[in-house]
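Here's the structure we're looking at; comments come further down.
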Amino acid sequence: MLAAERQARIVEEIHRRGAVRVIEFAQMLGVSDMTIRRDLDALAQQGLVDKVHGGATRARSASTEEPGFEAKSLRQQPEKEAIAEAAVELVSPGTAVGLSAGTTTWALAHALRAVDGLTIVTNSMRIADVLHSSPRTNQNVVVVGGVRTPSDALVGPIAVSALAQLHLDIVFLGVHGMAETAGYTTPNLLEADTDRALVKAGRRLVVLADHTKWGMVGLSTIARLDDADVVISDEGLPSDGRAALAEHVDDVRLVKVEESR
């Protein structure tokens with residue numbers, strides 16, 4: 001198979017599935033991992049795909065684009081894991097915690113399984129699955145219902161109504177993008193409503209967002225930059241993002257990400 005044919009097949013598969021890993025492409029096309037990585041480099045330079053840790057996803061586009069959970073989960077994996085490790089340090093045993101849907105909060109859910117006596121409220125089926133698989137029996141997991149989004153969030157008036165009755169110690173919010181004027185945003189209008197209700201239910205708001213989220217603007221604003229008590233990002237955050245967040249947020253934490261082998 002010629003390189004052009006192979007790359008066309010890669011683009012077709014990524015558009016069909018949203019994301020594919022290098023090892024899957026190598027097995028599918030009968031070539032080495034290195035060959036696939038070179039193909040992905042070429043396609044990324046043309047703007048046809050986004051290279052991510054271990055694979056590739058559809059190229060990002062407009063403010064209404066909402067990738068599926070699998071596509072988002074491949075992006076910035078090391079950053080998300082490092083952010084989750086920093087975030088779990090803010091949680092004490094016995095705390096009532098809110099987790100928005102998202103792949104960074106999903107990473108945090110894995111870390112929270114080690115903390116005793118938590119009550120965790122979420123609108124994410126993926127996060128609920130992680131927490132229910134924990135061997136601990138002293139955690140309560142509350143899932144608010146609603147309409148399912150492409151990113152596997154449950155949103156809408158049912159979720160908003162349920163969250164209005166709750167009082168949480170700390171809320172961890174994952175976002176599609178953050179910018180000085182637009183604040184923290186999402187491409188999904190119903191998800192924005194639900195996230196705003198979750199933020200309102202919490203006494204303390206912690207935003208979890210890797211460096212690629214800076215400058216991205218989704219269709220709907222969830223909260224202003226200064227609504228966050230803490231923002232946890234990584235050291236890849238550009239200088240303008242660091243300056244803007246430092247001006248609006250009292251506690252900005254940038255985690256160091258270990259180099260992947």
Side-chain angles (χ1 to χ4, degrees), residues 18-19 66-77 79-81 83-176 184 186-210 222-223 232:
E66 186 174 9
F69 185 92
E70 298 298 340
K72 291 196 293 185
S73 69
L74 289 178
R75 294 174 175 169
Q76 280 67 53
Q77 283 180 317
E79 287 89 344
K80 290 172 182 176
E81 291 169 4
I83 289 168
E85 289 174 8
V88 76
E89 296 178 2
L90 299 174
V91 181
S92 303
T95 302
V97 177
L99 293 182
S100 76
T103 51
T104 311
T105 46
W106 178 76
L108 174 57
H110 286 79
L112 288 175
R113 294 187 298 182
V115 184
D116 286 321
L118 299 181
T119 295
I120 301 172
V121 176
T122 185
N123 66 321
S124 166
M125 296 183 295
R126 300 276 187 159
I127 288 174
D129 286 343
V130 168
L131 297 169
H132 282 303
S133 69
S134 171
R136 292 186 179 274
T137 58
N138 64 348
Q139 289 187 345
N140 297 313
V141 181
V142 179
V143 183
V144 297
V147 178
R148 183 177 178 178
T149 72
S151 58
D152 282 348
L154 298 174
V155 301
I158 295 174
V160 170
S161 178
L163 290 167
Q165 315 301 315
L166 302 178
H167 306 281
L168 305 172
D169 296 308
I170 188 168
V171 167
F172 292 95
L173 179 70
V175 298
H176 172 82
Y184 310 107
T186 174
N188 189 296
L189 292 173
L190 287 176
E191 189 159 3
D193 282 341
T194 303
D195 284 346
R196 283 192 287 266
L198 181 62
V199 168
K200 189 174 181 180
R203 290 194 298 108
R204 193 177 188 205
L205 175 62
V206 182
V207 173
L208 309 180
D210 68 75
I222 302 164
I232 306 178

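All values below were derived from every heavy atom in this structure, side-chain atoms included, with hydrogens, water molecules and symmetry-related copies excluded. Please read these numbers as outputs of a predicted model, since none were measured by experiment.
If you take OG on S92 and CG on L118, they are separated by 9.0 Å, rounding to the nearest 0.5 Å. Note that NE2 of H167 and CZ of R203 are 11.5 Å apart. Values are rounded to the nearest 0.5 Å. For the atom pair CG of L208 and CD1 of I83, the computed distance is 6.5 Å after rounding to the nearest 0.5 Å. Between the CG atom of L198 and the OG atom of S100 there is a distance of 6.5 Å, given to the nearest 0.5 Å. The NZ atom of K200 sits 14.5 Å away from the CG atom of L205 when rounded to the nearest 0.5 Å. Taking CD from E81 and OG1 from T104, the interatomic distance works out to 10.5 Å, rounded to the nearest 0.5 Å.
I158 CD1: 12 or fewer foreign heavy atoms inside a 6.0 Å radius.
Salt bridge present: D193 and R196 bring a charged side-chain N and a carboxylate O closer than 4.0 Å.
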Go through the steps to decide whether L90 and I232 satisfy the test side chain to side chain contact (heavy atoms under 4.5 Å, CB included), and finish with yes or no. CA-CA 11 Å; L90 299 174; I232 306 178; 4.1 Å; yes

Report the C-alpha separation of I170 and T95 in whole Å, then their side-chain angles, then the decisive distance to 0.1 Å, and conclude whether the side chain to side chain contact (heavy atoms under 4.5 Å, CB included) test is met. CA-CA 8 Å; I170 188 168; T95 302; 3.9 Å; yes

Check the pair H132 / V141 against side chain to side chain contact (heavy atoms under 4.5 Å, CB included), numbers first and verdict last. CA-CA 8 Å; H132 282 303; V141 181; 4.1 Å; yes

Carefully, step by step, assess V97 and D169 under the rule side chain to side chain contact (heavy atoms under 4.5 Å, CB included). CA-CA 6 Å; V97 177; D169 296 308; over 6 Å; no

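Annotation: side chain of I120 is not in contact with side chain of V142 (no heavy-atom distance under 4.5 Å). The shortest side-chain heavy-atom distance between F172 and V207 does not fall under the 4.5 Å cut-off. Counting heavy atoms from C-beta outward, L154 and V143 have side chains that approach closer than 4.5 Å. In this structure, T119 and Q139 have side chains that are not in contact, with every pair of non-hydrogen atoms separated by 4.5 Å or more.
The two residues H176 and T186 come nearest to each other via the heavy atoms CB-CA, 3.8 Å. Heavy atoms only, all atoms of each residue included: I127 and W106 are closest at CG1-CA, 3.8 Å. When all heavy atoms of A111 and A84 are compared, the closest pair comes out as CB-O, 4.5 Å. The minimum heavy-atom distance linking L166 with A201 is given by the pair O-CB, 3.6 Å. Shortest non-hydrogen contact noted between A159 and T194 is CB-CG2, 3.8 Å.
Between the T122 side chain and the S124 main chain, a donor and an acceptor come within less than 3.5 Å of each other. In terms of modelled atom types and a separation under 3.5 Å, the side chain of T105 and the main chain of L99 share no donor-acceptor contact. Formation of a donor-acceptor pair under 3.5 Å by the N123 side chain with backbone atoms of A101 is found in this model. Side chain of E85 to main chain of K80: no donor-acceptor pair is present (N/O by atom type, distance under 3.5 Å, no hydrogens or angles).
In summary, the side chains of S133 and R113 do present a donor paired with an acceptor at a separation below 3.5 Å, with no hydrogens or angles considered.
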